[in-house]
Amino acid sequence: MAVLNEEQAMLKDMAVEWVRDRMPISVVRGLYDHGGGGKPGDGVGFDRDTYAEMAAMGWTGIVVPETFGGADFGYLSLGLIVEELGRTLAPSPLLSSAFVAASALRLGGSAAQQERLLPGIAAGSLIGTLAVDEGAHHAPARITLAAARSGAGWRLDGMKRPVQDGMGADLFIVAARTAGAPGDTHGITLFLVPADSAGLDRRRLDQIDARCPALLTFEAVALDEDAVLGMVDEGYPLLEAILDRARIGVAAELLGLATQAFDTTLDYLKTRVQFGQIIGSFQALQHRASEMFGELQLTRSAVEAALDALDAGDANVAQLASLAKAIAGETAHLISNQMVQLHGGIGMTHEHDAGLYLKRARVAEQCYGGASFHRERWGRLNGY
Amino acid sequence: MAVLNEEQAMLKDMAVEWVRDRMPISVVRGLYDHGGGGKPGDGVGFDRDTYAEMAAMGWTGIVVPETFGGADFGYLSLGLIVEELGRTLAPSPLLSSAFVAASALRLGGSAAQQERLLPGIAAGSLIGTLAVDEGAHHAPARITLAAARSGAGWRLDGMKRPVQDGMGADLFIVAARTAGAPGDTHGITLFLVPADSAGLDRRRLDQIDARCPALLTFEAVALDEDAVLGMVDEGYPLLEAILDRARIGVAAELLGLATQAFDTTLDYLKTRVQFGQIIGSFQALQHRASEMFGELQLTRSAVEAALDALDAGDANVAQLASLAKAIAGETAHLISNQMVQLHGGIGMTHEHDAGLYLKRARVAEQCYGGASFHRERWGRLNGY
Amino acid sequence: MDDQDFRLEARSWLRENFPPALTNVSGLIFQGNAHAAAASADFQLWRQRMTDKGWGVPTWAPRYGGAGLSEAQAKIIGEELAAIGGFNPIRSYGTMMLGPTLLEYGNEEQKLEHLPWIASHERRWCQGFSEPGAGSDLASLQTKCVDMGDHWLVNGQKIWTSGADQADWCFALVRTDTSRKQGGISFLLIDMKSPGIEARPIVLISGSTHFCEVFFNDVKVPKGNLVGEVNGGWSIAKRLLQFERSSLSEVKTDITPLAPLAHRYVGSDAEGRIADPDLRARMVHNAMRHAAYMATVRRFTQEAKNGGPNNGVSTLKNLWSTIIQRRSELVIEILGAHGLGWAGEDYSPDEREASRALLHSKAFSIYGGSYEVQNNITAKRSLGLPDR
Amino acid sequence: MDDQDFRLEARSWLRENFPPALTNVSGLIFQGNAHAAAASADFQLWRQRMTDKGWGVPTWAPRYGGAGLSEAQAKIIGEELAAIGGFNPIRSYGTMMLGPTLLEYGNEEQKLEHLPWIASHERRWCQGFSEPGAGSDLASLQTKCVDMGDHWLVNGQKIWTSGADQADWCFALVRTDTSRKQGGISFLLIDMKSPGIEARPIVLISGSTHFCEVFFNDVKVPKGNLVGEVNGGWSIAKRLLQFERSSLSEVKTDITPLAPLAHRYVGSDAEGRIADPDLRARMVHNAMRHAAYMATVRRFTQEAKNGGPNNGVSTLKNLWSTIIQRRSELVIEILGAHGLGWAGEDYSPDEREASRALLHSKAFSIYGGSYEVQNNITAKRSLGLPDR
């Protein structure tokens, strides 16, 4: 664990307690039906009321400047909370809105845009999220959703999927192509698109983790000029900066997920008896647990170093983001697999929590680029 | 173990016995000085007298047609012997000459060339070897050694390293470039080059495995037209076919090496006592041994399937050769590392055999392409 | 009749009697849509013909519903069936596991009572071995079976009972002596319609409900339903698990290469290779291990035929589960966000199936003897490493 | 003097007294060419100045050759030394391990007899712990030490004794009671010039002769050389091994990235990436793990400074050995055939060094507590898993 200052330590204690009371694992289980998948219907994958409680505690404004109603406590503080939420797989748009969308406006918003939107995000009354991917794989330079000038504003046509927390979001930060061809980093522009825009349609995607990301379709969605976030055609560096925050945030979630999966498994190893022995006394399992513990240490260090770098304004955020995301994904896979394996048959049942960790780990691993994407990116950034 | 016919079973029994008596591990140890490296001097890395014994048993003619003094017993038979030799890291040019050079002449030699050279190879009086690599990495299409027409014959200039068993060989089968640029498969021609050709110089390379491959330099080496093996400029498919036999042969050696390394380690696990227990009773080591045993099974199957395919004239020899070589290299690395690890401190000493296995495994793994080369090749052959 | 004549006869009978509509559907029989397939008229017809012929269990004596054929002849039937894309419609837990066990350990009355119904596939069996508290340590089972003089009284709970909600009968391990572990277990045949039995399907993480929990509450079982000796069930169970293990390794057939899928979902680079080099390298590595695994299955089969040692089943199972689990993860990585769907039209049926296959694959290293138990077995039986 | 004043004083003294020719050579001191470096006139001068100042062991009392400074002041000296590319010429087994142990367990006579010579680096020590039969199970050591009334008589053999052929003295664990295991071990200081001692260098697979076997044949040792109580040596040894472990993690500094080497030896593709995609993927994976490892070292250091739990040394060591061993294999793969040389001008010195580094790296998971022992420690101490 990182060394915390007094405020951070208090924040963490509060998060531990609140998550235990208000967001235990049963909350995410409530999103599932009894057949092992998400409940059908029109749920948005999270609950507005609990989100309001988080807002009341100030969590939604942690990286928002004080001028706009935030606390400006920094990313490490917000990461601590995201990690705690990850422990119980707590479904909430905190990451999408208070981490990612807030960062987007902070990094790229004009004074007017910040004034218009950041107070709502900080208060939890406005939920924003990033709409970047369009298909199977995260590939931010290959964006095709078209934005064309139309009168004094813009017209958007195309689709986005999956958009995290997109069924409950009020605002989409949409990466669109205004010039160039898929694969060009030039020609990408970001837009602020209200969810109720005419011509914008959204559909639930039923995922294995019972979250409901959205599939957005844009048909002649008309936007004013002031919908542009940052620079026209040159939005790629801003997009990358926002994405790096998103990646670090998901890595923090995965750290929490893996840590809890490990703790739960370790408890089981200490109590389950087989062949007349507590199974945690079997050396093969002891060594496996020791190795998982080592991986968790690497993961925690990478995630905390990335969060620190955001707060310190380090130049190497991109590298640290890819490091954190790649290693957190690998570790979450390793440990969630072993969580099932070491629980044996019971771990294979929907009734047990292991499957929930397994499912969420697979989804979070792919959010904003999987381990393979980030190893490639880290390799390029380091001259490999 | 493959199912053997009666002749093969007899051959194998003979090999087991002969290797135990005449080529125990102390023979390769004799190539080392007391400082952990090869003895300085002018040794060629193997012993002609023991090779003559192998020849007397007919091993040098196993894949040579009967017309040329061979037995035509097939590659599986020869592979069985190479595997047994691999168990004690027996230094001998059997693979280079009786497996690789014999195959080269069999596959690409004219009637006159076969008549001139195969009887000597079969009798063990002529030692041939393939000279293909020129630098750090196996890359048969990137050959640069130049062969230019000169009068009625050819002139060769360039270098080759490392050439296996090259210090004691009488004949080199040299891959040269007669057209095209490095990387082109067109423009490669094979030449039969006597070791005593004017302008051909050789130097010992002192390797970690105490073998002495050669570094050959060619300065205006003049050859007759009948030195060409196969077709001018279109020698690449022949070269690949020869190389695939070499790869399968080295894989058989690595199988033997890994099998013996495992057997020796398993014996140690059954006798060494620590903390009042036979260490082979510790579950973590039992599971590690079980996993190594599994890898050995995969390796044996891949090697035997490749040898079978050579005998059956299967079309997929290339794939099976790359499969066998890649997996044998990986397994030999895994098991030789664990041989050192599980023997503990004593395994780190030059006095113990573990280091000899480790060193030979590293060298053999790289011969005719390492695991990475062969995974890439297998991937391309299979549309990945 | 010599084998060659028999082969011609078998070929001609199978061609005449196997319904062409069922060609190549064999794989489905063990999948989720088994019930639908089994309900078809063609399927019923094919099953009836095979029952009448006794070829579902060709080596069993005619009085047990078989055809009294030799092993060699049975093999010929299998080969000829495979040659026309056919399958054995009688194959079941009953034919593969209980049948051979009864033949070895049952008395004549038990054989006549049960084998013909297995041979006609009219009595479906489930296996009542595992218990919630037992897991890998099967012999620690607690389901109590008390001798009430004129009947046995069974109380307890079983778990991981495949198809218990559909089964007619159950062969179960029960505890008849609490003072010994392995030596207090008996092998009992239980009619699933007996009062006091309840079978509840278990929902797995993949959504499958194939397995059940089975509760026994004061269930009365006739005295004659005990197979072998009282407290002699453990050796019967071990033998039966051998049938299970050898049938496990039988079904591991070849799989589809993933390269085309990856080119479609991930794209190709300028040289025509799968675009993501890191993913590609791991795919190739996995595919090569699978190729070596298939070569190993062929080699072990060949060796076993030639009377070689057959102690490699545990090794095979661990290699298989490791390779296939890795492959399932690779499929999801290839499909990307499209491989994370559970339901709905925005994922193709293949994509949804891939998600469930990933989740299902996690069981491969747990069921039929966990990865850890198989490693223990290899260490002891194949490698001769000592107990602590 | 407050710390800031002390820092200024230290800075000025170090700048005046550290010979500029030795700048940044510190790393070499612990390598093969240590003897050559130590023999230079500059080195001798620097050692003499530090000895006179007592700053080689700044926290030790002046009567023991130290400067009687606080921990904070010692840290300042270290920082200022690092800032000018300097190093501590006194650092040795004596200062890092025996010294702290004697300070805690030795009597005043022993401290006065040995500490000043350690502080001046005039008495070199070796550690006589391991034995051929003991290995990871250190407490099963057998070297016999018998009380002969006016002296101890020592018979037995030690192994893996670093630099025993160069050492003046040895601190050894010896068995004074054969009826108990840990409880029969004593901690003894032995003059290596005593009759009956022979130290033979061991040749390692890498060619290194740093380690020795040491034979004790009827070696007489004065009664006063026993540290602590008779049969109380085990707890002293455990404490001393803690000093060893914490110094182990200190020396793990950053390493050179392998990317440039790979571009040189393997080549680059059209996009400027390392040409072999499979090798490249594995290099990136290893380099990322190393980056995370370095972040972990920094985090653990930070946490320890802030009084956090420090039970991660075993975990760190296993991560480190795994990552570095993999890296050494990657170096050889990058160098290809050029990385397989042992001697001769056809391999560059760097290439020959890489071969030896690969071989040497295999020891990392054996010495200082094997990989297996470290995993046992993590399981028990950090994870609280029970003994069998």
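Below, read A as the first sequence line, B as the second, and so on, with proteins coming before strands; counting in each chain starts at 1. Given the structure is predicted, the values throughout are model-derived calculations rather than measurements.
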### Query
If you count heavy-atom pairs under 4.5 Å between each of B/Gly37, B/Gly276, B/Cys367, B/Gly355 and chain D, which one has the most?
B/Gly37

### Task
Check whether B/Gln366 gets within reach of chain D through its side chain, its backbone, both or neither, counting any heavy atom under 4.5 Å.
side chain

### Query
With distance as the sole criterion, is a donor-acceptor pair present between the side chains of B/Ser336 and B/Arg362 under 3.5 Å?
yes

### Segment of D/Tyr371 engaging chain B (4.5 angstrom heavy-atom cut-off)
both

### Task
Please look at D/Glu333 and chain B and tell me whether the side chain, the backbone, both or neither of the residue comes under 4.5 angstrom of a heavy atom of that chain.
both

#### Entry: Contact winner vs chain B - D/Ile366, D/Leu204, D/Leu340, D/Leu358, heavy-atom pairs under 4.5 Å
D/Leu340

### Task
Against chain D, label B/Leu285 side chain, backbone, both or neither, depending on which of its atoms sit under 4.5 Å from a heavy atom there.
side chain

### Query
With a 4.5 angstrom heavy-atom cut-off, which part of D/Ser365 approaches chain B: side chain, backbone, both or neither?
both

#### Entry: Residue, of B/Gly38, B/Ala139, B/Ala354, B/Gly135, that accumulates the most heavy atom pairs under 4.5 Å with chain D
B/Gly135

### Query
Relative to chain B, which of D/Ile332, D/Leu359, D/Leu279 shows the most heavy atom pairs under 4.5 Å?
D/Leu359

### Distance under 6.0 Å and angle within 45° of ring axis: B/Lys359 vs D/Trp342
yes

#### Entry: chain B contacts, top residue of D/Asn375, D/Thr209, D/Ile334 (heavy-atom pairs, under 4.5 Å)
D/Ile334

### Message
Under a plain distance cut-off of 3.5 Å, with no hydrogens placed, do B/Ser290 and B/Gln286 share a side-chain donor-acceptor pair?
### Response
no

### B/Arg177-B/Thr144 side chain donor-acceptor pair, cut-off 3.5 Å
no

### Query
Between B/Asp209, B/Val273, B/Asn337, which shows the greatest number of heavy-atom pairs under 4.5 Å with chain D?
B/Asn337

### Task
State, without any angle test, whether D/Gln127 and D/Ser162 hold a side-chain donor-acceptor pair at a distance under 3.5 Å.
no

### Message
Between D/Arg180 and D/Asp177, does any NZ, NE, NH1 or NH2 come within less than 4.0 Å of an OD or OE carboxylate oxygen?
### Response
yes

### Task
Please flag which part of D/Asp276 lies under 4.5 Å from any non-hydrogen atom of chain B: side chain, backbone, both or neither.
side chain

### Task
Could you give me the CA-CA distance, side-chain angles and deciding distance for D/Arg327 and D/Glu329, then say whether salt bridge (charged side-chain N to carboxylate O under 4.0 Å, His left out) is met?
CA-CA 5 Å; D/Arg327 181 180 186 275; D/Glu329 295 277 6; over 6 Å; no

### Message
With no hydrogens and no angle check, just 3.5 Å: does a side-chain donor-acceptor pair link D/Gln142 and D/Gln157?
### Response
no

### Task
Examine whether an atom of B/Glu376 lies under 4.5 Å from a heavy atom of chain D, and if so say whether it belongs to the side chain, the backbone or both; otherwise answer neither.
side chain

### Query
What is the ring orientation for B/Tyr368 with B/His138, classed by angle as parallel under 30°, tilted 30 to 60°, or perpendicular over 60°?
perpendicular

### Task
Identify which part of D/Pro277 has an atom lying under 4.5 Å from any heavy atom of chain B, answering side chain, backbone, both or neither.
side chain

### Query
What residue, out of B/Gly345, B/Pro40, B/Pro162, B/Gly370, has the most heavy-atom pairs lying under 4.5 Å from chain D?
B/Gly345

### Contacting moiety of D/Arg352, where chain B heavy atoms sit under 4.5 Å
neither

### Summary
If one checks every heavy atom of D/Leu335 against chain B at 4.5 Å, the contacting part turns out to be backbone

### Message
Heavy-atom cut-off 4.5 Å, strictly under: side chain, backbone, both or neither for D/Ala134 against chain B?
### Response
backbone

### Summary
From the list D/Ser355, D/Gly339, D/Ala363, the residue making the most non-hydrogen contacts under 4.5 Å with chain B is D/Ala363

### Task
Please say whether the positively charged group of B/Arg161, taken as NZ for Lys or CZ for Arg, lies over the ring of D/Tyr347, i.e. under 6.0 angstrom from the six-membered ring centre and within 45 degrees of the axis.
yes

### Under 4.5 Å from any heavy atom of chain D - which part of B/Arg203
side chain

### Query
What is the ring orientation for B/His352 with B/His343, classed by angle as parallel under 30°, tilted 30 to 60°, or perpendicular over 60°?
tilted

### Task
Please look at B/Leu215 and chain D and tell me whether the side chain, the backbone, both or neither of the residue comes under 4.5 angstrom of a heavy atom of that chain.
side chain

### Query
Taking the six-membered ring for Trp, are D/Tyr367 and D/Phe364 parallel (under 30°), tilted (30 to 60°) or perpendicular (over 60°)?
tilted

### Query
Does any N or O in the side chain of B/Arg204 come within less than 3.5 Å of the main-chain N or O of B/Cys212, such that one atom is a donor and the other an acceptor?
no

